Amino acid sequence: MNLMDVNSTWAWAAYEPSLDSPWDLDAAAHLFRRGGFGAPRQQLVKAVEHSPAEVVESLVSAEEPKTFQSDMQSLLRAAIATGNVRQLAAQWLYRMLHTPAPLREKMTLFWHGHFATSAVKVGEVRLMQTQNELLRKYALGNFPELTLEISRDPAMLLYLDSATNRKSHPNENYAREIMELFCLGEGMYTEQDVKELARCFTGWEIKRERYRFNQYQHDAGTKTVLGVAGVKSGEEAIRIVTEHPAAPRFIAQKLFRFFVMDEPEPTDELLDPLTRQLIDDQMNVGPTVRRILGSNLFFSPFARARKVRSPVELGVGFLRAFEGTTDFLHLADTMDQLGQGLYQPPSVKGWDGGRTWINSSTLLGRANLIHRMLNGSKTRFGKRPLPSYFAANGIDTVADIAENMERSLFAVPIPKPAIERLKTLEVANRDSNWVNLAVHAFCTLPEFQVA
Amino acid sequence: MESDLNLRLAEKKLSRRRLFGHAGQSTSLFTFGLTAPSVLCDAATLSIEQKVLVVVEMAGGNDGLNTVIPFRDELYRKARPNLAIGSDEALSVNDNLGLHPSMRGMADLLENGKLSIVQGVGYENPNRSHFESMDIWHSCQRKGEPRQSGWIGRYLESAKLGNLADPPALHLGKRQQPFALMSRDVRVPSIQSLEQFRLRAADTPGLRDAIRSLSSQSRVDASDLLGFVQASSRNAMEASERMESAGVQYKPSEAYPKTTLGRQLETVAKLIASGIDTRIYYVRIDGFDTHANQPEAHAVLLRNVSDAVGTLVRDVNAQGDGDRLLVMCFSEFGRRVAENASDGTDHGAAGPVFLAGNGVNAGVVGEHPRLDDLQNGDLKHLVDFRQVYAAILQQWMKCNVPSVLGAAFDPVAVLANL
């Protein structure tokens, strides 16, 4: 069957395990990869003892415990004190790796790519972290509220020049992007809308690193935005933009691409139930995310291995599979080299993802990252080097490694010839560190790049 | 001097032959050279005679009006009370025009007959979204038309460069690959430095071979996405081997600017000098979106581009490959004629394109767009950007233009009769 022929009612109905897509370790691993950053085998084994709906619910409702939050706060304060965005990125990777609420973290990353803001222009790392907290707070929350908050977020105000948006010379940067990239999509508005909307945001300034409204710089005249006449304030304008009929579809499509598959683009008909759910929920995103992750389509073969691992998913996912930890500063720098520098997306458009993650230099870089992590002095798996971790878990041969990695890290089976070839390598390198060698080799397979 | 150069070229031919010998592909390449039908692009001659194009993308929308400055125009000074650059500062090109004062590198190129400035380049119904406009320049398609490949990607397809032993084009940079290079059949590697092409673990016996063969084996039942990753993996392994053997003996004739762009163009010079068969190099410099506090930022950006391109042209000439090099610098749009209240400028329309190299028709091509005849506050374009591409494709890459651009375009007169 072709994706085009999928019935949209079936697609988004609650997942019913079947012969085609049983609720097993592979299905649980798929859920944890997409709805988080992967999970070690023990967690998968535990998950399949529950129903899929229960596991999805536990992902959606998970919250960081207070102790975890306060630990994170002190680590972040130290990172901010360095004034170095690399430290901030390293802390975020640490959080992704250790969080008990991985879906919230995954959605925070989603919004970071959506409301993309780069420290390269903003400069002040404290403001970047303030924005990051905002994204985390609303990660599974109300989209119009998040959009209003982000429109007054100091990092965003600096990034899209709204901080210098004056009555006499409206600056159109933010007005354009809020419609083109944040809420509606290109072609859903006119150039006149951009000009009128820019007037609504005049006087939205920053004072002492906080948003403030400067009524003397605000153009108090009435404006017409997206066909609505008599608009005065920026708040009103944001309400009109986020209530525009194009908005729920725009967000549904982005969630679909983020959680379900990179390609092809879904048809309007397939997306329709998600679009309607967003409307019914007043654009609260959480229930739609829950519905996607607990759906027939999500667990079906259509959605398996249909996403290219992002660099963050690759790095953090690898460590999570074996309860690992590593040099996070190096990991953060590598994310940047591989095209996903945290706190510094390439442009306001965020990361295109999918095939654009892959080219010769990123593929070699991905292989080298795994090599570097495996052999780095700061890397530990369950507090041990990988060979002892494996030994303690009864993983003794290349075949064992393959079986274990296939469950937790691979969305498609590892090709048999690859396993055979590595068995001969194991024999040739029995004296040296053949465990690291085999794991590295498996991670260079094209199959490892999809999730 | 002359014999010195010939000697160097001969050496290069030899090292190339070694490279091909190693790859075991010399026979097939020569056969292709003899039998290539003439309708195809002239792509199959020996690499050391091949023309090379270096594209410098100035991303964010370069303020063309403060780059090639009509300093005598009263309307220019009126529109730019804070940002106007006067005749005393601009580097004069002719009686009415000057380059931004920080563009010494390009001004020198102009004096030496190696720079051509095409004025007022743009397209009908300009789109002021960075991404839309950049996509239009890259794909030559408007929104709504199918965009499956970029103009350089289509050139690579049309020239049948997908089967070359070396990557036919290279993107230097860590950001995502420019859409211009996208193609259905030909994949273009991205690199940040030659070092990145070394696969770690090469010291483990057998691992390297294993990895290469594992990533190259074809899979049955691979999805489109997995098939794509597989083809890319194969490409990565091959490209990495070539990069390692290329570019060992090169020494720059002068120091490149110590900027990312400077380092990238030095890598380009190194690769050209190595005799590698790459035809197109693509680099991108970001930051031209000067909505606020433009003067200092713009000066730094223009100095960076101008110095780096100037050094590249001189260095490649010193290495004996000057006649093979053409550089094109473009931006997705110019900026609004009137400045804004933040000492900046907002998104506009037409702007200048620069071509540098020994083969250019040096000087200013075309008129400056009129400041008394604007379109929504923006400069009207006088030259379609595809006319610039057409000149490069037809006269430099010797290629059939409609197969790449979808239609015939009048080439703009930027290249001298070569």
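Quantities reported herein were computed from a predicted structural model and do not represent experimental measurements. Proteins get letters first, then strands, A, B, ... in listed order; numbering begins at 1 in each.
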So which residue, A:Val348, A:Leu338, A:Thr356, A:Asp352, ends up with the most heavy-atom pairs under 4.5 Å with chain B? A:Asp352
To the nearest 0.5 Å, what is the distance between CE on A:Met179 and OG on B:Ser129? 11.5 Å
Among A:Arg166, A:Glu447, A:Lys307, which residue forms the greatest number of heavy-atom pairs with chain B at distances under 4.5 Å? A:Glu447
Using salt bridge (Lys or Arg N to Asp or Glu O under 4.0 Å) as the criterion, list what pairs up with B:Asp135, not counting sequence neighbours. B:Arg147
Could you go through A:Glu186 and B:Phe131, starting from their C-alpha distance and side-chain angles, then the distance that decides it, and tell me whether this counts as side chain to side chain contact (heavy atoms under 4.5 Å, CB included)? CA-CA 10 Å; A:Glu186 221 274 334; B:Phe131 312 103; over 6 Å; no
To the closest 0.5 Å, what do you measure between OG (B:Ser233) and CG (A:Leu445)? 8.5 Å
Interchain contact, A:Leu160 with chain B, by part (heavy-atom threshold 4.5 Å): neither
Nearest non-hydrogen partners of B:Asp346 and A:Pro170, listed with the distance: OD2-O, 3.7 Å
How long is the straight-line distance from CD of A:Gln449 back to OG of B:Ser232, given to the nearest 0.5 Å? 9.5 Å
Residue pair B:Asp286 / A:Lys121, side-chain heavy-atom distance below 4.5 Å: no
Give, as side chain, backbone, both or neither, the part of A:Asp262 having an atom under 4.5 angstrom from any heavy atom of chain B. side chain
Engaged part of A:Glu191 at the chain B interface, taking heavy atoms whose separation is under 4.5 Å: side chain
Show, in sequence, the C-alpha distance, side-chain angles and deciding distance for A:Glu177 and B:His130, and conclude whether the side chain to side chain contact (heavy atoms under 4.5 Å, CB included) test is met. CA-CA 10 Å; A:Glu177 306 310 8; B:His130 292 296; 4.2 Å; yes
Whatever's closer than 4.5 Å to a heavy atom in chain B on A:Ala305 counts as backbone
For A:Leu363, is it the side chain, the backbone, both, or neither that has a heavy atom closer than 4.5 Å to a heavy atom of chain B? side chain
State, yes or no, whether a side-chain contact exists between B:Asp289 and A:Asn173 at a heavy-atom distance under 4.5 Å. yes
Of all heavy-atom pairs between B:Ala292 and A:Asp161, which one has the smallest distance, and what is that distance? CB-OD1, 4.2 Å
Looking at residues at least two apart in the chain, or sitting in another chain, which of them share a salt bridge (Lys or Arg N to Asp or Glu O under 4.0 Å) with A:Arg421? none
Between A:Lys167 and chain B, which part of the residue has a heavy atom less than 4.5 Å away: side chain, backbone, both or neither? neither
Which distance, rounded to the nearest 0.5 Å, do you find between the OG of B:Ser342 and the NE2 of A:His169? 8.5 Å
Of the listed residues (A:Val412, A:Thr444, A:Asn171), which shares the most heavy-atom pairs with chain B below a 4.5 Å separation? A:Asn171
Does a side-chain heavy-atom distance below 4.5 Å link B:Arg336 with A:Glu172? yes
In terms of heavy-atom proximity below 4.5 Å to chain B, should A:Pro417 be classed as side chain, backbone, both, or neither? both
Side chains of B:Arg128 and A:Val194, heavy atoms from C-beta outward: is any pair under 4.5 Å? no
